[in-house]
Every structure is written in C-alpha cells, then in structure tokens.
Amino acid sequence: MTDLTTLLLSRIRDVADHPEPGVMFKDITPLLADPAAFTALTDAFAEMAGRTGATKIVGLEARGFILGAPVAVRAGLGFIPVRKAGKLPGATLSQSYDLEYGSAEIEVHAEDLSADDRVLVVDDVLATGGTAEASIQLIHRAGAEVAGVAVLMELSFLDGRPRLEAALDGAPLEALLTV
Ligand SMILES: O=P(O)(O)OC[C@H]1O[C@H](OP(=O)(O)OP(=O)(O)O)[C@H](O)[C@@H]1O
Ligand SMILES: Nc1ncnc2[nH]cnc12
C-alpha cells in the first residue's frame, strides 16, 4: 500500500447497517475533517484531471460536491453540479437510475456542458455504478465527452466497474481505494 492509500483508508469509517440493514456504509466524514488527508485526496484527483485533459469537473450530489469542488479549484477548471431531481432551476437533462439502497433521478443544467467539453466525474464511492453510469449518460446526452471517472473508493463486490466501463467506452475509471 502507498502512503496515500494508507492515509485515506485510515480516515474512512465503516458503519454497519446504515442507512438500512445489510449495508456497510463507508463514512468519509473523518477524512473530510483531516486537512492532510483531504488535501492529499484533492491533489490526487486534480492530477487525474490534468492527465486526462479534463476541461470541467462534474460532482455527484452530495458527497461528490464536497470532493469535486476543491478539485475544480485546484485544477483551475469549472465545477458542474449533477443534482438529485427537482433542485436545479434552469433547463435540465434528467436520468433515472438504481443504487445499492433505492432508486433516484439526477439532473444537470443542459447549458453547463457542450461539445467542446471533456468531463471528469468525481464521487466518493462506486457501489453498483448506477449513479456514475447515469452521470455519463447525462454528459453524453449534453454532447460532451467523458475524460474519466475518479472515485475515492470502489466497492468491488457490487460489480460497478464492468457496468461503468461499458458506459465509459475506453475512458479511465480510477479508484484510489478498492475494497
Ligand atoms: O454506485 P452506486 O450504487 O450508484 O452508489 C454510489 C452513490 O451512492 C452514494 O450517494 P447517495 O445517492 O447515497 O447520495 P448522497 O451523496 O447524497 O448521500 C455515493 O455518494 C455515490 O454517489
Ligand atoms: N456502502 C456505501 N457506503 C457509502 N456510500 C455508498 N453509496 C452506495 N453504497 C454505499
């Protein structure tokens, strides 16, 4: 394990049976509270943004906002929020999806992405891949390209990676931690 992965892993708390029985919830709030760990995470994601030629950062509500916004600032790129349905005031594109515990719909402002954009999607956890896959569909429907998907942690037993790689069409999916 690298120093980075050891640090990040040490700042994620497992919470059994949250938000419902049978789910082992990966709580990132200890990591957010540690400036050294939060900075190291931000730097690693910003490096990926540079390496993949991203022109914009998309963050997935809500934890992807917390992680993605500082990446955008660090990389000198705009931040685009992908929100749960009904929150964005302008003209939106919408996409429904299933997740580990329920189903949901996400939206993006159509005007925020264009054919000139290469988008790096940032989130905390890749579980079934439903949320990230829906965001990729939104980005493609907006006419933009996907530069890649960056997540802090991949829950490999939920098989999100194969599902997402099919949607990514060769663009990278990078997880700093895999459990
Ligand atoms: O790979 P998936 O099965 O789609 O699950 C991963 C998603 O689930 C969590 O978000 P959640 O919808 O719980 O929202 P929150 O960030 O607002 O808590 C997590 O932050 C990811 O966005
Ligand atoms: N087990 C989990 N922990 C944290 N976030 C999640 N999102 C989906 N599954 C999750």
Side-chain angles (χ1 to χ4, degrees), residues 5 8-34 37-38 41-42 44-45 48-49 54 56-72 79-88 92-109 112-113 119-141 146-169 171-179:
T5 55
L8 297 176
L9 201 53
S10 73
R11 299 293 187 271
I12 295 169
R13 175 167 50 201
D14 281 0
V15 182
D17 300 322
H18 178 87
E20 60 183 43
V23 175
M24 180 59 75
F25 190 82
K26 300 293 181 181
D27 177 23
I28 64 165
T29 58
L31 190 158
L32 301 176
D34 177 349
F38 197 1
L41 172 61
T42 301
F45 281 165
M48 183 179 177
K56 285 185 178 153
I57 303 295
V58 153
L60 308 182
E61 185 172 1
R63 285 167 266 157
F65 290 177
I66 303 171
L67 302 190
V71 174
F79 178 81
I80 310 300
V82 162
R83 297 215 61 178
K84 306 274 165 65
K87 300 287 187 181
L88 290 170
T92 57
L93 297 170
S94 300
Q95 191 73 44
S96 298
Y97 65 101
D98 294 320
L99 38 73
E100 193 183 358
Y101 36 80
S103 68
E105 187 177 359
I106 54 174
E107 295 182 338
V108 69
H109 271 149
D112 281 352
L113 297 172
V119 179
L120 180 67
V121 176
V122 172
D123 206 355
D124 63 334
V125 170
L126 179 73
T128 67
T131 312
E133 182 187 39
S135 75
I136 290 167
Q137 289 165 340
L138 281 181
I139 292 162
H140 285 156
R141 284 171 52 205
V146 177
V149 173
V151 295
L152 169 58
M153 175 169 280
E154 174 182 352
L155 307 183
S156 57
F157 57 93
L158 290 171
D159 290 330
R161 178 172 285 270
R163 174 182 189 174
L164 208 53
E165 282 177 346
L168 275 169
D169 199 25
L173 162 61
E174 293 189 13
L176 295 173
L177 303 171
T178 303
V179 295

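We number each residue from 1, following the sequence as shown. First listed ligand is number 1; within each ligand, the first listed atom is number 1.
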### Task
State which residues pass salt bridge (Lys or Arg N to Asp or Glu O under 4.0 Å) with Glu107; sequence neighbours excluded, sorted by chain then number.
none
### Message
Which residues pass the salt bridge (Lys or Arg N to Asp or Glu O under 4.0 Å) test with Asp14, not counting sequence neighbours?
### Response
Lys26
Indicate yes or no: does an N/O atom of [X] lie under 3.5 Å from an N/O atom of ligand 1?
X	result
Val125	no
Ala62	yes
Ala127	yes

To the closest 0.5 Å, what do you measure between [atom1] ([X]) and [atom2] ([Y])?
X	Y	atom1	atom2	value
Leu138	Ile80	CG	CD1	12.5 Å
Thr42	Ile66	OG1	CD1	11.5 Å
Leu126	Leu177	CG	CG	12.5 Å

Which atoms of ligand 1 are found less than 4.0 Å from any heavy atom of [X]?
X	value
Asp124	19 (C), 20 (O), 21 (C)
Glu61	14 (O), 16 (O), 17 (O)
Gly130	1 (O), 2 (P), 4 (O)

### Message
Using a 4.0 Å heavy-atom cut-off, which part of Arg63 comes near ligand 2: side chain, backbone, both, or neither?
### Response
side chain
### Task
Specify side chain, backbone, both or neither for Leu155, according to which of its non-hydrogen atoms lie closer than 4.0 Å to ligand 2.
side chain
### Task
Give a yes/no on ligand 1: does Lys84 have at least one heavy atom closer than 4.0 angstrom to it?
yes
## Note on the structure
Going by the 4.0 angstrom heavy-atom rule, the piece of Thr128 near ligand 1 is both
### Query
Side chain, backbone, both or neither: which part of Asp123 comes within less than 4.0 Å of ligand 1 when only heavy atoms are counted?
side chain
### Heavy-atom pair of closest approach, residues Phe45 and Leu176
CE2-CD1, 3.7 Å
#### Entry: Nearest option to atom 1 (O) of ligand 1, as decided by whichever heavy atom of Gly129, Gly160, Ala134 sits closest
Gly129
### Query
Taking only heavy atoms of Ala127, which atoms of ligand 2 are found under 4.0 Å from at least one of them?
8 (C), 9 (N)
### Task
Keeping the roles fixed (side chain from Thr92, backbone from His109), state whether a donor-acceptor pair exists under 3.5 Å.
no
